[in-house]
Amino acid sequence: MFRDPDTLVGLGVGTTRITVIVAERDRRAPESAHIIGIGSASSLGIRKGLIVNLEQAVRSVRNALRDAENMVGFQLEEAMVAFNANDVNSVMTSGMVSLRGGPRPVSVNDVERVIEAAQSELTIPGNKVALHTIPVQYSIDGNFGIDDPLGMTGIRLEMELQTITVPMPCIHDVVNCVVKAGIRVEGLVIKPLASALGALTDEEMRVGVISISIGGGTTGLTFYRDGRPIRVSVIPIGGDHITSDLATVLRIPLNRAEELKKKLFSTPEKDLFVVADSRGTPERTIDPNMVLEVIASRLEELFLEYVQAQIPERDPHHFPGGIVLSGGAAKMPGIETLLTDIFKMPVRVASPLDYYQMPPGRNDTSFINATGIIRYILCKERNPYSFIDSPVSHLRLGVRVREPRDVKAPYSQYGSDRPVKTGSGGQSVKNVLEKIKESLKELFL
Ligand SMILES: Nc1ncnc2c1ncn2[C@@H]1O[C@H](COP(=O)(O)OP(=O)(O)O)[C@@H](O)[C@H]1O
Ligand SMILES: [Mg+2]
């Protein structure tokens, strides 16, 4: 079977969906590629971004691969894999080396030495690995803000380095799953980073921006400043928590709650809140205020408690590019208004930068992380020092993970499994509620 050597493949492992994206390198401009196919399949066996049932997850990945292969007409052999992990840590360290015999131009060897110096500042716990090592900025003789120091002259080279560490078992599970599904793993990228690359413009990255990607079980954050990602994190709360809150509080089945959430702003009000349960219980009307309050409470928890706490310097105004939203739950109308009100900064919902190359129905904001994987591959090719990753072969993947993995424990600090209590959130919840109601009214007028 023919396979073009210039085929780039990305595989995104999500709580809700597995996405496979296939792009072809542009022969005349090899630094860019165009999308030729997108495969998609529902995720089974994945909870809050983590694999909890390997067999089901393998089957889901296989379905998505088959779907993409049908679309492009050839077999896929290798993919760059985007995945989520619990306990993702993003740590900044700095390093310094002298340019002996200087002043003289910086060589590749000097760059490697300064990266090593910055890496040696960090102690990584035994159960974790450095997945991404990202040079954030260099300085020569005290002049900061240098992107690429190669060839520049001085006597002292310094750098700031961001290291993203993830638990080894997560990597082991995801690689195992993808390999079992029948494709080689070219490399790994943490999902929030892929989402940011898919959502953000170069200009936004340069001025400073916050990428928030809300999926089913997780919310990914990536902070960019001066063109470089300065922090990445994963919060184990996503759109599915809203669904289960609605189901619990309104005492309706999950599928009804999911429907209600998605239709909330797109159906005429009178039809909206009549819910029959799947067992044939008679229809009943649900108070729209109650629905809004449940949604607002969960969103308030997510943004005011968790997102806010992750913002470097705790001041969103260090990011004049504002907030760029992506992921399935970003399709909830009113969410832009809500966020603008909370953070007092510009907010936009991203559509894929290459949406016109993508098949209809597979080109909305929930496919952003897939397009980001292709951009990631191209970025790394263009500048091998932009993201220095642990090669898959160095990740000790042959090591068997013997200890049973407790999925809940690392997340328990968030307390996100309990349904959010409504009506007890005080003034701020009310403000948020008012905002949602206002945007709701605007939509119906
Ligand atoms: N139109 C919509 N309105 C509100 N939420 C939505 C809508 N479409 C999808 N979602 C939610 O988005 C989440 C899935 O996000 P997505 O990015 O597609 O998948 P993944 O979890 O695999 O990252 C689910 O919680 C789903 O309910
Ligand atoms: Mg997603």
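Residues: numbered from 1 along the sequence shown.
Residues Ser139 and Met159 have side chains not in contact (no heavy-atom distance under 4.5 Å, counting atoms from C-beta outward). Residues Leu246 and Glu258 are not in side-chain contact: their nearest non-hydrogen atoms beyond the backbone lie 4.5 Å or more apart. In this structure, the side chains of Ile46 and Val52 stay at 4.5 Å or more apart for every pair of heavy atoms. The side-chain heavy atoms of Leu11 and Leu65, taken from C-beta on, include a pair separated by under 4.5 Å. Side-chain atoms of Arg25 and Leu8, non-hydrogen and from C-beta on, do get closer than 4.5 Å to each other. Within the 4.5 Å cutoff, no side-chain heavy atoms of Ile230 are placed close to those of Thr222. Side-chain contact between Ile183 and Val81 is absent, with no heavy atoms from C-beta onward closer than 4.5 Å. In this structure the side chain of Asn53 never reaches within 4.5 angstrom of the side chain of Leu44, judged on heavy atoms.
By the 4.0 Å N-to-carboxylate-O rule, Glu186 lies too far from Lys380 to be salt-bridged with it. The residues Glu69 and Arg66 are annotated as not salt-bridged, no charged nitrogen and carboxylate oxygen being separated by less than 4.0 angstrom. With salt bridges taken as basic N to acidic carboxylate O contacts below 4.0 Å, none links Arg206 and Asp226. Salt-bridge formation is not detected for the pair Arg62/Asp67: no Lys NZ or Arg NE/NH1/NH2 atom is positioned less than 4.0 Å from an Asp or Glu carboxylate oxygen. Here Asp87 pairs with Lys128 in a salt bridge; the nearest charged N to carboxylate O distance falls below 4.0 Å.
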Quick one: do Val58 and Cys177 satisfy side-chain contact (heavy atoms from CB on, under 4.5 Å)? Show the steps, please.
-> CA-CA 5 Å; Val58 168; Cys177 168; 4.1 Å; yes

Pair Arg228-Asp148, salt bridge (Lys or Arg N to Asp or Glu O under 4.0 Å): steps then yes or no | CA-CA 12 Å; Arg228 306 296 298 148; Asp148 184 358; over 6 Å; no

What do the steps show when you test Thr93 against Gln119 for side chain to side chain donor-acceptor pair (under 3.5 Å), and what is the final call?
-> CA-CA 7 Å; Thr93 55; Gln119 277 173 329; over 6 Å; no

For side-chain contact (heavy atoms from CB on, under 4.5 Å), just list the numbers for Glu301 and Ile237, CA-CA rounded to whole Å, side-chain angles, deciding distance to a tenth of an Å, and then say yes or no.
-> CA-CA 9 Å; Glu301 181 198 37; Ile237 298 177; 3.7 Å; yes

Stepwise, does the salt bridge (Lys or Arg N to Asp or Glu O under 4.0 Å) test hold for Arg298 with Glu293?
-> CA-CA 9 Å; Arg298 185 56 92 168; Glu293 201 167 329; over 6 Å; no

Should Leu131 and Phe83 be marked as a side-chain contact (heavy atoms from CB on, under 4.5 Å) after you check the CA-CA gap, both sets of side-chain angles, and the distance that decides it?
-> CA-CA 11 Å; Leu131 180 68; Phe83 72 111; 3.8 Å; yes

Would you please test Val185 and Met80 for side-chain contact (heavy atoms from CB on, under 4.5 Å) and show each step?
-> CA-CA 6 Å; Val185 177; Met80 179 67 78; over 6 Å; no

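Between Val129 and Met168, the closest heavy-atom pair is CG1-SD, 3.6 Å. Nearest heavy atom pair, residue Ser244 against residue Leu254, reads CA-CD2, 3.8 Å. Taking all atoms of both residues into account, the shortest heavy-atom contact from Ala350 to Val324 is CB-CG1, 3.6 Å. Between Ala199 and Leu353, the shortest heavy-atom contact is O-CD2, 4.4 Å. Closest of all the heavy-atom pairs between Leu378 and Ala33 is CD1-N, 4.0 Å. In this structure, Gly198 and Thr371 approach most closely via the heavy-atom pair CA-OG1, 3.7 Å.
Thr219 places no side-chain N or O within donor-acceptor distance of the main-chain N or O of Ile235, the cut-off being under 3.5 Å. Although no hydrogens or angles enter the test, the distance criterion places no donor-acceptor pair under 3.5 Å between the side chain of Arg362 and the main chain of Thr19. Panel note: side chain Ser90, backbone Val232; a donor-acceptor pair is recorded below 3.5 Å. Listed for the Gln137 side chain is a donor-acceptor partner under 3.5 Å among the backbone atoms of Gly145.
Rounding to the nearest 0.5 angstrom, the gap separating the CG atom in Leu122 from the CG atom in Leu161 is 8.5 Å. Atom-to-atom distance recorded for Ile252:CD1 and Leu260:CG is 5.0 Å, nearest 0.5 angstrom. Here the CD1 atom belonging to Ile214 is positioned 7.0 Å from the CE atom belonging to Met332, to the nearest 0.5 angstrom. Rounded to the nearest 0.5 Å, atoms OG (Ser213) and CD1 (Ile368) are 8.5 Å apart. One distance of note links CZ of Arg375 with CG of Leu197; it measures 5.5 Å at 0.5 Å rounding. Interatomic distance, CD1 of Ile210 versus CD1 of Ile311, reported as 4.5 Å (0.5 Å rounding).
Between Phe223 and Phe319, the ring planes are tilted. Angles from 30° to 60° get that label. Aromatic ring orientation, Phe303 versus Phe343: perpendicular (interplanar angle above 60°, classes split at 30° and 60°).
Judged by a 6.0 Å distance limit and a 45° cone about the ring axis, Arg382 is not positioned over the six-membered ring of Phe387. Seen from the ring of Phe367, Arg17 counts as a face-on cation partner, given the 6.0 Å and 45° thresholds.
Side-chain atoms of Thr243 and Lys261 include a donor-acceptor pair closer than 3.5 Å. Between the side chains of Ser94 and Glu121, no donor-acceptor pair of N or O atoms lies under 3.5 Å. Defined by atom type and a distance below 3.5 Å, a donor-acceptor pair is missing between the side-chain atoms of Thr15 and Arg47. Of the N and O atoms on the side chains of Asn84 and Thr218, at least one donor lies less than 3.5 Å from an acceptor on the other residue.
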